[in-house]
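First the proteins, then the strands, lettered A, B, ... as listed; each starts at 1. Side chains are part of it too, since the values below use all heavy atoms of this structure and drop only hydrogens, waters and symmetry mates.
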Amino acid sequence: MSEEKQSESKEAAKDDLPPVIEPGVYGELLEKKKFKVQHLGMDAMGVEMIEVAAESLLRVAEYLRDNKKCQFDLLVSVSGVDMVDYRLSVVHLYSLSSNESLCIKVRADEKEAVPSLMPIWPAVDWHERETYDLMGIIYEGHPDLRRILMPTDWIGHPLRKDYVENDPRLVWNRR
Amino acid sequence: MSDIQGITIERDIQSEDMVVNIGPQHPSTHGVLRLVTTLNGEVVKNMEPVVGYLHRSKEKMGENRTFFQYQPMIDRVEYLSAFYDHYVYCTALETLAGLDIPKRVQYIRMITMELNRISSHLLWFGTFLLDLGATSPFFYAFRDREKILKLFEDISGARMMYNYYRIGGLNADIPDGWIEDVRRVINELPKRFAEYEAIVNKNPIVMDRCIGIGIINTEDCLKYGVTGPALRACGVAQDLRKTNPYCSYDEVDFDVPTSTDGDVYARYQVRIQEMYESLRIVHQALDNLPGGEPADIRKLQAEYDAVATEIKEAKKRVIVAQKQETEPEPADVKKMEEEPPELDKDWRIQGKKKVNMVSFKPPVGECMSLVESPRGFLGCYLISDGSPKALRIKWRGASYSNLSILPSMMIGNLYPDLMAVFGSLDVILPEVDR
């Protein structure tokens with residue numbers, strides 16, 4: 001009888017807790033090396049996602065590029081995501097040797113700043129400029145961070161959820 | 001310093017740099033691209049691409065429209081190989097929603113995508129040689145591209161903006177006689193490709209302008225994120241169709257053409273070989289197309305429908321008899337217990353779980369789907385928050401990364417090589433600017 005009660009209470013406790021996310025291959029590898037990593041599970045395509053703190057991003061990135069078990073040598077894309085409360089910089093990586101993909105998420109701080117990945121993957125150059133242009137995330141350490149897709153004198157960052165296009169210079173805003 | 005007729009020329013013309021603005025409207029850029037180039041004589045000293053002239057805010061549009069409303073806009077992201085854009089978008093949503101795609105749909109998608117690759121490469125072939133100064137290959141290439149566009153017109157009603165794939169299936173089945181048309185075209189194309197190769201491959205002008213020009217290696221490609229034929233021309237057999245098979249590419253047999261030279265000529269050869277490989281894939285996909293001719297499927301479906309109707313009517317008669325408290329006919333009772341036959345699920349053009357386009361809501365989640373487009377990695381990063389509109393849609397176009405390598409290829413080289421090098425990268429500007 002008591003055993004049954006215990007198991008019931010355990011089940012109830014399980015329901016209260018958020019679902020436990022199993023660490024993936026690369027997340028586990030990073031954790032072994034004492035990097036602070038938050039596991040986010042797999043995306044729908046089966047690609048592992050991890051969240052890394054801004055201060056340890058460059059060291060994690062260097063490890064992921066140089067370690068023989070990872071070898072993420074190709075940077076696929078950088079995308080900015082507006083989660084309303086905060087903004088994310090999402091980096092997708094691909095490895096030519098193991099054909100695996102990995103997704104790293106970095107949360108921008110209150111100054112909208114994230115360290116630039118230029119020293120690790122120079123391919124991020126235009127991608128970071130685009131994310132700055134459209135989402136307003138500032139990549140610290142990027143040598144040439146300016147607008148790329150929008151006109152250079154554009155006001156605001158269009159992909160933000162709170163973006164209101166009220167530039168008085170535009171014809172349709174004069175009326 | 002020299003003195004001519006009393007005027008002292010103080011500046012030394014030889015050592016002065018000149019800034020030349022190429023574009024934004026330039027016939028060889030196939031779009032709107034501006035290159036601010038610093039020249040020292042004929043040598044390029046610095047180059048800065050200015051993009052964004054074609055920015056149409058495709059990503060913002062995706063957040064303001066439902067998934068179905070957004071579909072016709074995808075064609076415009078990259079209009080030369082629009083089937084790939086649609087495939088990437090539909091796959092992302094199908095994976096998120098956990099829909100299973102019938103084999104017939106996958107095969108038709110594969111056939112159209114590979115034909116699209118050929119038509120895209122043909123356009124590249126024509127315009128690339130036009131940039132080099134040869135006019136006639138342009139007309140040959142467009143003549144053959146026209147035949148493929150006719151096939152697409154038959155299947156989707158449009159020549160460039162297809163909007164043919166749907167989430168979970170296809171807009172419509174292939175029309176009658178389409179398979180025969182495709183076979184006729186793909187049997188004719190190898191002869192044409194051989195003609196092109198005979199004209200171009202050993203042409204002394206082409207060889208002079210292409211061999212040893214714009215050389216890059218694998219490290220350069222990785223440094224700038226270059227993928228696709230440009231990467232394969234450096235000797236890396238990287239093809240997502242082989243390494244991370246999607247659709248039904250693991251069921252067909254094909255090779256990944258590579259070259260080790262990494263110059264303009266190598267990229268030309270890789271693309272020509274890819275067209276042959278695409279033809280091989282189309283041949284195999286047509287032979288193994290589940291269901292075969294659409295007329296046969298319709299006939300079978302009509303037979304099955306007739307049986308199902310009979311069973312339904314028998315059921316009705318039994319119910320009426322029970323209500324009237326009379327004995328139902330034994331034949332009807334027997335018929336009622338039969339299961340109505342169903343069409344093979346691999347032969348359908350829509351998955352079994354029908355998608356309501358108006359109220360389609362994928363579950364909360366995210367997904368990055370990647371395919372090998374004619375230009376390289378094409379990706380769609382899609383985040384859904386469970387509403388009928390996406391939280392974020394990000395397009396990863398291959399041209400965007402491929403264009404960023406251009407300055408480093410040109411600096412220190414001759415200005416007249418610019419169009420050969422730029423053409424060999426096969427950049428399409430609408431995909432860069434989105």
Under 4.5 Å from any heavy atom of chain A - which part of [X]:
X: B/L240; value: side chain
X: B/Y53; value: neither
X: B/V236; value: side chain
X: B/L391; value: both
X: B/Q238; value: side chain
X: B/T227; value: side chain
X: B/D433; value: both
X: B/K60; value: both
X: B/L54; value: neither
X: B/Y381; value: side chain

Side-chain touch [X]/[Y], heavy atoms, less than 4.5 angstrom:
X: A/E130; Y: B/K394; answer: yes
X: B/L370; Y: A/M45; answer: no
X: B/N244; Y: A/E100; answer: no
X: A/M49; Y: B/M368; answer: no

Less than 4.5 Å to any heavy atom of chain B: does that hold for the side chain of [X], its backbone, both, or neither?
X: A/V90; result: side chain
X: A/L75; result: backbone
X: A/M118; result: neither
X: A/V47; result: neither

Open item on the list: With rounding to the nearest 0.5 angstrom, report the OG to NE2 distance, B/S404 to A/H127.
Closed with: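 Here the interatomic distance stands at 6.5 Å.
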Open item on the list: Would you compute the distance between atom CG of B/L403 and atom CH2 of A/W126 and round it to the nearest 0.5 angstrom?
Closed with: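 Going from CG on B/L403 over to CH2 on A/W126, the span is 4.0 Å.
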Open item on the list: Check this for me: does any side-chain nitrogen of one of B/E59 and A/R160 sit under 4.0 Å from a carboxylate oxygen of the other?
Closed with: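 Salt bridge flag = no for A/R160 with B/E59.
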